[in-house]
Amino acid sequence: MNTWIFVVLLGSGLQGAAAVTHSLKYFYTGSSGVPNFPEFVAVGLVDDVEMVHYDSNTRREEPKQDWMKKVTADDPQYLDRHKKIFLGDQQALKSNIETLKQRFNQTGGVHIYQQMYGCEWDDETNEVTGFRQFGYDGEDFITFDLQTLTWIAPKPQAVITKKKWDNNKAEIAYLQQYHTQICPEWVKKYVDYGRSSLLTTERPSVSLLQKTPSSPVSCHATGFYPERATLSWRKDGEELHEDVELGEILPNHDGTFQMSAELKLSSVTPEDWSRYTCVFQLSGVKEEIVTKLDKADIRTNEEKNMTVIIAVVVVVLALVLIAAAVVVFVVSKKKEAKCPPSDNSSEASQKLNPQP
């Protein structure tokens, strides 16, 4: 829940791991008492790529991908229809914040009410997973369970809402239809429209890095796209969780991504190194990139330091040679200045400068 605000602000989505799963997600953020920030922000994402943005200041839905122009061209009412939906949700979230402030005995201050809903569709198995949940001030408030078609209330203040929404059978029937039929159909449409960019994949280069001989070995993958990827350490083919620290997926300047996974070597004996592998899996690509834990392949800071030392030595030697050459040149010039000109030089000078 705490990450939702940053999803809206940065326009980025959650990280996925399924190799053939496509998703449609909407993130709503309603706020109260937040200066210089819209009271309502909505972000729509396809495969964790922002496609539309709406906020209460502009009251305008803005397509964020070039392929969305084709969507709006084929469906001229698309933007107006979605704008009306966002306006209605904007009023609902604003009203809900005031209701929750009363339930939590709050009068002022900063408060955030968030909603996340959508679905995931597996294009191989055709399996669909839907989700819809609400959060208040960074914590889960109420979640819809598609298996039981009931609402789950993790907080006492949400029990009233649960009872009210559970009794709304018409709304529950609509939510079931939306998450199992309407939402996946839109996922398929969006993926088809954005095929040229959404289905583009870039495989990374994977390296093993280590600061010192006693430091953890970092498996570093960089240059991959999209960001929906996993990186793991395995022993004898089994994924490890202990002694492994996973890093976040970070953006590169060229639009690709990078990530790392560190393996602590304290529990790894030298004879067991060959049993460990680093495995990278990119969404949409079935083939894994497997890198064996091999001491000969590890790049260390010691190598970098040696390279720097060699470079410094080369530069210093070059400077010494240049300085020596300058000294020799200056000394030779001084010697030439002290020596009288030869007769040939005098004769040549008179020939070049004849007297009148």
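Only heavy atoms go into these numbers, but all of them, side chains included; no hydrogens, no water, no symmetry mates. Residue numbers count from 1 along this sequence.
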**Message:** Pairing donors with acceptors under 3.5 angstrom, does anything connect the side chains of Asn96 and Thr99?
**Reply:** no
**Message:** Any side-chain to backbone donor/acceptor pair from Ser56 onto Glu39? Under 3.5 Å, distance only.
**Reply:** yes
**Under-4.0 Å salt bridge between Arg195 and Asp192** = yes
**Fill in**
Closest heavy-atom pair, Phe37 versus Val34, reported as atoms and distance to 0.1 Å, is CB-CG1, 3.5 Å
**Request:** Please answer: with hydrophobic residues joined when any side-chain heavy atoms are less than 4.5 Å apart, are Leu246 and Leu250 in the same cluster?
**Result:** no
**Asked** Side chains of Arg103 and Thr161: donor-acceptor distance under 3.5 Å anywhere?
**Response** yes
**Asked** Can you tell me if His179 uses its side chain to pair, donor with acceptor, with the backbone of Gly118 under 3.5 Å?
**Response** yes
**Asked** With no hydrogens and no angle check, is any side-chain donor or acceptor of Asp55 less than 3.5 Å from a backbone partner on Pro38?
**Response** no
**Prompt:** For the atom pair CD (Glu245) and OG (Ser218), what is the distance rounded to the nearest 0.5 Å?
**Reply:** 9.5 Å
**Prompt:** Heavy-atom count around Lys188 NZ within 6.0 Å, excluding the residue itself: above 12?
**Reply:** yes
**Side-chain (Thr256) to main-chain (Asn252) donor-acceptor, under 3.5 angstrom** = no
**Request:** Give a yes or no on whether the backbone of Glu124 and the side-chain of Asp122 come within a donor-acceptor separation of less than 3.5 Å.
**Result:** yes
**Item:** CA sep, side-chain torsions, deciding dist, call: Phe224, Ile249, side chain to side chain contact (heavy atoms under 4.5 Å, CB included)
**Value:** CA-CA 10 Å; Phe224 61 87; Ile249 295 180; 4.1 Å; yes
**Message:** Around atom CZ of Arg81, are there more than 12 heavy atoms from other residues, nucleotides or ligands closer than 6.0 Å?
**Reply:** yes
**Prompt:** So do the side chains of Leu45 and Met51 get within less than 4.5 Å of each other, counting heavy atoms only?
**Reply:** no
**Message:** Take a 6.0 Å sphere around NZ of Lys94 and say whether it holds more than 12 heavy atoms from other residues, nucleotides or ligands.
**Reply:** no
**Item:** pair Ser23-Trp121: side-chain heavy atoms closer than 4.5 Å
**Value:** no
**Prompt:** Rounded to the nearest 0.5 Å, how far apart are CD of Glu185 and OH of Tyr190?
**Reply:** 12.5 Å
**Request:** Look at the side-chain heavy atoms of Ile, Leu, Val, Met, Phe, Trp and Tyr, link any pair under 4.5 Å apart, and say whether Leu282 and Val279 land in one connected group.
**Result:** no
**Complete:** NE2 (His22) and CG (Asp123) are apart, to the nearest 0.5 Å, by 4.0 Å
**Request:** Show your working on side chain to side chain contact (heavy atoms under 4.5 Å, CB included) between Ser232 and Leu240 and close with a plain yes or no.
**Result:** CA-CA 7 Å; Ser232 62; Leu240 296 174; over 6 Å; no
**Message:** One pair to check against salt bridge (Lys or Arg N to Asp or Glu O under 4.0 Å): Asp80 and Lys83. What are the steps and the verdict?
**Reply:** CA-CA 5 Å; Asp80 288 339; Lys83 179 181 177 180; over 6 Å; no
**Request:** Drop me the distance from Gln114's CD to Ile97's CD1, to the nearest 0.5 angstrom.
**Result:** 9.5 Å
**Message:** Any side-chain to backbone donor/acceptor pair from Gln281 onto Val285? Under 3.5 Å, distance only.
**Reply:** yes
**Prompt:** Is any NZ, NE, NH1 or NH2 atom of the basic residue among Glu238 and Lys235 found under 4.0 Å from an Asp or Glu carboxylate oxygen of the other?
**Reply:** no
**Asked** Hey, does the side chain of His111 reach the backbone of Gly108 with a donor-acceptor pair shorter than 3.5 angstrom?
**Response** yes
**Request:** Apply the test ring pair (Phe, Tyr, Trp, His ring centres under 6.0 Å) to residues Phe131 and Phe144: give CA-CA distance (whole Å), side-chain angles for both, the deciding distance (0.1 Å), then the verdict.
**Result:** CA-CA 7 Å; Phe131 38 84; Phe144 186 61; over 10 Å; no
**Message:** Pair Glu62, Lys64 - check salt bridge (Lys or Arg N to Asp or Glu O under 4.0 Å), show working.
**Reply:** CA-CA 6 Å; Glu62 298 180 4; Lys64 292 296 184 178; 3.5 Å; yes
**Message:** Could you check whether any side-chain heavy atom of Ile142 comes within less than 4.5 Å of a side-chain heavy atom of Lys155, counting everything from C-beta outward?
**Reply:** no
**Asked** If Ile, Leu, Val, Met, Phe, Trp and Tyr residues are connected whenever their side-chain heavy atoms lie under 4.5 Å apart, and connections chain through other members, are Ile298 and Val290 in the same group?
**Response** no
**Request:** Taking all non-hydrogen atoms of both residues into account, name the closest pair between Gly255 and Tyr225 and its distance.
**Result:** O-CD1, 3.7 Å
**Complete:** When rounded to the nearest 0.5 Å, the distance separating OG of Ser196 from CH2 of Trp67 is 9.5 Å
**Message:** Looking at every non-hydrogen atom in both residues, tell me the closest pair between Gly33 and Pro35 and how far apart they are.
**Reply:** O-CD, 3.3 Å
**Item:** Trace of the side chain to side chain contact (heavy atoms under 4.5 Å, CB included) decision for Val52 with His82
**Value:** CA-CA 10 Å; Val52 293; His82 280 242; 5.9 Å; no
**Item:** Closest heavy-atom pair and its distance - Pro63, Leu79
**Value:** CG-CD2, 4.2 Å
**Prompt:** With distance as the sole test, does Gln210 use its side chain to make a donor-acceptor pair with the main-chain N or O of Ser215 at under 3.5 Å?
**Reply:** yes
**Asked** Same cluster or not: are Trp186 and Leu198 linked, directly or through other Ile, Leu, Val, Met, Phe, Trp or Tyr residues, by side-chain heavy atoms under 4.5 angstrom apart?
**Response** yes
**Reference residue Phe134; test ring pair (Phe, Tyr, Trp, His ring centres under 6.0 Å); the match among Phe141, Trp165, Tyr28** = Trp165
**Message:** Counting C-beta onward and ignoring hydrogens, is there a side-chain heavy-atom pair between Cys219 and Val206 closer than 4.5 Å?
**Reply:** yes
**Request:** Please round to the nearest 0.5 Å and tell me the distance separating atom OH of Tyr276 and atom CG of Leu293.
**Result:** 8.5 Å
**Asked** For Pro184 and Tyr178, which heavy atoms make the closest approach, and how far apart are they?
**Response** CD-O, 3.9 Å
**Message:** Check this for me: Lys163, atom NZ, are more than 12 non-hydrogen atoms of other residues, nucleotides or ligands nearer than 6.0 Å?
**Reply:** no
**Message:** Checking Ser267 against Asp243: is there a side-chain donor and acceptor pair closer than 3.5 Å?
**Reply:** yes
**Item:** Close side-chain approach of Pro226 and Thr201, heavy atoms under 4.5 Å
**Value:** yes
**Message:** Atom CG of residue position Asp66 - does it have more than 12 heavy atoms of other residues, nucleotides or ligands inside 6.0 Å?
**Reply:** no
**Prompt:** Are Tyr117 and Ile152 joined in one hydrophobic group, where the rule is that I, L, V, M, F, W and Y side chains link up if heavy atoms are under 4.5 Å apart?
**Reply:** no
**Pairwise side-chain contact, Cys278 with Leu231, heavy-atom cut-off 4.5 Å (strictly under)** = yes
**Asked** More than 12 heavy atoms of other residues, nucleotides or ligands under 6.0 Å from CD of Glu127: is that the case?
**Response** no
**Request:** Go through the steps to decide whether Glu227 and Met259 satisfy the test side chain to side chain contact (heavy atoms under 4.5 Å, CB included), and finish with yes or no.
**Result:** CA-CA 9 Å; Glu227 65 177 313; Met259 68 185 307; over 6 Å; no
**Message:** Looking at Ala261, is its backbone amide N or carbonyl O close enough to the side chain of Trp233 to form a donor-acceptor pair, meaning the two atoms are under 3.5 Å apart?
**Reply:** yes
**Prompt:** Looking only at side chains, do His220 and Ser260 share a donor and an acceptor under 3.5 Å apart?
**Reply:** yes
**Message:** Main chain of Tyr54, side chain of Thr58: is a donor-acceptor contact present, judged purely on distance under 3.5 Å?
**Reply:** no
**Item:** Minimal non-hydrogen separation, Leu93 against Thr29, with atom names
**Value:** CD2-C, 4.2 Å
**Message:** Does this structure show an ion pair linking Lys70 with Asp74, if we count only N-O contacts that are shorter than 4.0 Å?
**Reply:** yes
**Residue pair Arg132 / Thr143, side-chain heavy-atom distance below 4.5 Å** = no
**Prompt:** Do Ser31 and Val110 come close enough that some side-chain heavy atom pair is under 4.5 Å?
**Reply:** no
